[in-house]
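Hydrogens, waters and symmetry mates play no part in the numbers below; they use all other heavy atoms, side chains included. Whatever order the structure lists them in is the order used to number ligands and atoms, beginning at 1.
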Amino acid sequence: MLGDRDGSMAQLLITGGAGFLGSHTCLVLLEAGHQLLVLDDFSNSSAISLERVAELAGVPLQRDQPTLKATPEAFTLVEGDIRDTQCLDALFASAKAFGQPIDAVIHFAGLKAVGESVQQPLRYWDVNVVGTQRLLTAMNFHHCRTIVFSSSATLYGYPHPNQIPIPETAPIQPINPYGASKHAAEALLADLAGCSGKPEPIQASSGGWRIARLRYFNPVGAHPSGRIGEDPNGIPNNLFPFITQVAVGRRPELTVFGDDWPTPDGTGVRDYIHVMDLAEGHREALHSLLNSDPQLLTLNLGSGQGASVLGVVKAMEATSQRAIPHRIAPRRPGDAAITVANPTLAAQQLHWRTQRSLTDICRDGWAWQQDNPNGYGEACL
Ligand code: NAD
Ligand code: UDP
């Protein structure tokens with residue numbers, strides 16, 4: 001059974017649904033026939049992404065308040081903060097009052113910049129840990145006990161070379177406040193499931209909780225339409241948006257952080273996963289939870305393939321037919337040499353694996369960057 005009410009459609013709360021990963025996942029979930037309530041405070045996004053998701057899905061975007069003035073339609077947007085308990089309670093209670101109780105939550109809302117987390121650890125713990133705890137409290141009170149949580153491969157810290165590709169059972173050793181906040185939220189979810197301190201990635205859970213902790217590797221790219229994509233604030237910290245901004249002429253050159261890593265070409269290796277593959281992974285994780293006994297799943301979402309910095313530069317040069325000027329600089333503090341997922345468990349458990357290649361990632365990311373050189377900033381709908 002999907003959801004608590006009928007066989008095909010669930011009422012879902014998507015926190016942080018206007019962001020990069022949330023917007024693409026909203027589209028996939030709308031296409032799967034679900035009804036979505038998005039809660040976002042727009043601290044790192046705008047409603048334009050969701051207007052475009054609505055256009056791609058062919059449904060109207062309804063805007064409402066946490067108290068819901070109207071029956072939720074297929075796609076409803078509510079502005080609010082996950083730390084606001086009144087807002088959360090109003091949302092769960094009103095959806096129920098309209099006969100559409102929230103069946104499950106996909107929890108993307110959070111802060112994600114490693115460097116910023118070092119400067120502002122209290123803020124990161126507040127949003128990522130306190131915010132998650134308040135969301136879970138509201139869910140528990142309103143008897144909604146199914147959640148897909150955005151975790152991160154950053155939990156693996158500096159993985160040991162013997163553990164590449166990284167299995168879910170690899171040691172958890174966060175090396176910055178962002179990673180620590182994700183670790184704390186993961187621990188809270190394990191406590192709720194009655195699985196405290198148990199390392200197995202698939203466990204029966206107690207108290208009716210169905211939980212998926214999805215550890216993302218490096219999500220990049222964009223929807224193939226070029227209408228939605230990643231829109232980082234200011235100078236991108238991450239490789240992929242930096243490269244596309246160099247290719248489009250918004251930045252003069254890429255700085256390559258180290259060419260003396262123990263990797264084939266000396267530059268850092270990562271597991272880049274197309275954002276649409278990641279979005280489909282969420283759909284499959286949700287369906288798996290809704291159709292199973294209460295359990296706690298902990299799964300890597302990655303391709304299992306590594307690409308080096310220079311490999312990504314070459315792939316983007318081939319796609320864009322433009323040179324990407326770059327210069328080698330010292331290693332960036334806190335970087336690991338290689339981070340690549342072992343994606344076997346997700347394949348077994350969800351019957352999901354990545355479908356799209358680095359070439360697809362570059363093609364779609366480049367289309368988004370070309371059509372939206374300033375992201376959503378100066379966008380007309
Ligand atoms: P994003 O910043 O684009 O999206 C996050 C969304 O949450 C934004 O729309 C933001 O406005 C919203 N938000 C932030 N704080 C909020 C609050 N207090 N209340 C309500 N809304 C709030 O980030 P993303 O790349 O889409 O990442 C989504 C999730 O996935 C985050 O939890 C992030 O830590 C995690 N994650 C991301 C990556 C990545 O590389 N993008 C990798 C691993 C994990
Ligand atoms: N990187 C780089 N220049 C940049 C940004 C990143 O050389 O401007 C490298 C970085 O050192 C790492 C890889 O690109 O080897 C991926 O970095 P990103 O920040 O995108 O992801 P993460 O390090 O969080 O996996």
Below 4.0 Å from ligand 1: does a non-hydrogen atom of [X] turn up there or not?
| X | value |
| --- | --- |
| Ser23 | no |
| Ser43 | yes |
| Thr15 | no |

Around atom [atom1] of [X], are there more than 12 heavy atoms of other residues, nucleotides or ligands at under 6.0 Å?
| X | atom1 | value |
| --- | --- | --- |
| Phe98 | CZ | yes |
| Arg353 | CZ | no |
| Glu200 | CD | yes |

**Prompt:** Between Ser49 (side chain) and Ala18 (backbone), is there a donor-acceptor pair under 3.5 Å?
**Reply:** yes

**Request:** Would you check if the side chain of Trp352 reaches a backbone N or O of His282 as a donor-acceptor pair within less than 3.5 Å?
**Result:** no

**Asked** Would a hydrophobic clustering, with Ile, Leu, Val, Met, Phe, Trp and Tyr connected at side-chain separations under 4.5 Å, put Leu297 with Leu286?
**Response** yes

Can you list the ligand 2 atoms lying under 4.0 Å from a non-hydrogen atom of [X]?
| X | answer |
| --- | --- |
| Asn237 | 5 (C), 19 (O) |
| Tyr272 | 13 (C), 16 (C) |
| Asn218 | 21 (O), 22 (P), 25 (O) |

With a 4.0 Å cut-off, would you call [X] and [Y] a salt bridge?
| X | Y | answer |
| --- | --- | --- |
| Asp360 | Arg363 | yes |
| Arg63 | Glu51 | yes |
| Arg215 | Glu168 | no |

Nearest candidate to [atom], where distance is taken over non-hydrogen atoms, out of [options]:
| atom | options | result |
| --- | --- | --- |
| atom 3 (N) of ligand 2 | Asp335, Thr255, Val114, Leu254 | Thr255 |
| atom 18 (N) of ligand 1 | Asp81, Val275, Asp84 | Asp81 |
| atom 32 (O) of ligand 1 | Glu79, Lys182, His107, Arg134 | Lys182 |
| atom 1 (N) of ligand 2 | Phe217, Phe257, Phe242 | Phe257 |

**Fill in**
Shortest non-hydrogen pair, Thr71 vs Gln62, comes out as O-NE2, 3.3 Å

If we ignore angles and hydrogens, is there a donor and acceptor under 3.5 Å between the side chains of [X] and [Y]?
| X | Y | answer |
| --- | --- | --- |
| Arg134 | Thr85 | no |
| Asp64 | Thr76 | no |
| Asn176 | Tyr124 | no |

Looking only at protein heavy atoms, which one is nearest to [atom], and what is the separation?
| atom | answer |
| --- | --- |
| atom 33 (C) of ligand 1 | Tyr178 OH, 3.6 Å |
| atom 11 (O) of ligand 1 | Asp40 OD1, 2.7 Å |
| atom 37 (C) of ligand 1 | Leu21 CD1, 3.7 Å |
| atom 5 (C) of ligand 1 | Gly110 O, 4.0 Å |
| atom 18 (P) of ligand 2 | Asn238 ND2, 3.5 Å |
| atom 25 (O) of ligand 2 | Arg270 NE, 2.7 Å |
| atom 28 (C) of ligand 1 | Phe108 O, 3.5 Å |
| atom 22 (C) of ligand 1 | Asp41 OD1, 3.0 Å |
| atom 4 (O) of ligand 1 | Gly19 CA, 3.4 Å |
| atom 2 (O) of ligand 1 | Asn44 ND2, 2.6 Å |

So if I count the atoms of ligand 1 from 1 in the order they appear, which ones are less than 4.0 Å from some heavy atom of [X]?
| X | value |
| --- | --- |
| Ser150 | 29 (C), 30 (O), 32 (O), 35 (C) |
| Ser151 | 43 (C), 44 (C) |
| Gly80 | 19 (N), 20 (C) |

**Aromatic centroids of His24 and His274 separated by under 6.0 Å** = no

**Prompt:** Should the pair Phe108 and Tyr216 be assigned to parallel (<30°), tilted (30 to 60°) or perpendicular (>60°) ring geometry?
**Reply:** tilted

**Min N/O separation Leu239 to ligand 2 under 3.5 Å** = yes

**Item:** ligand 2 N/O within reach of Ala336 N/O, cut-off under 3.5 Å
**Value:** no

**Prompt:** Is Val256 near ligand 2, meaning one of its heavy atoms is under 4.0 Å from it?
**Reply:** yes

**Request:** Between Phe42 and ligand 1, find which residue part has any heavy-atom pair under 4.0 Å and reply side chain, backbone, both or neither.
**Result:** backbone

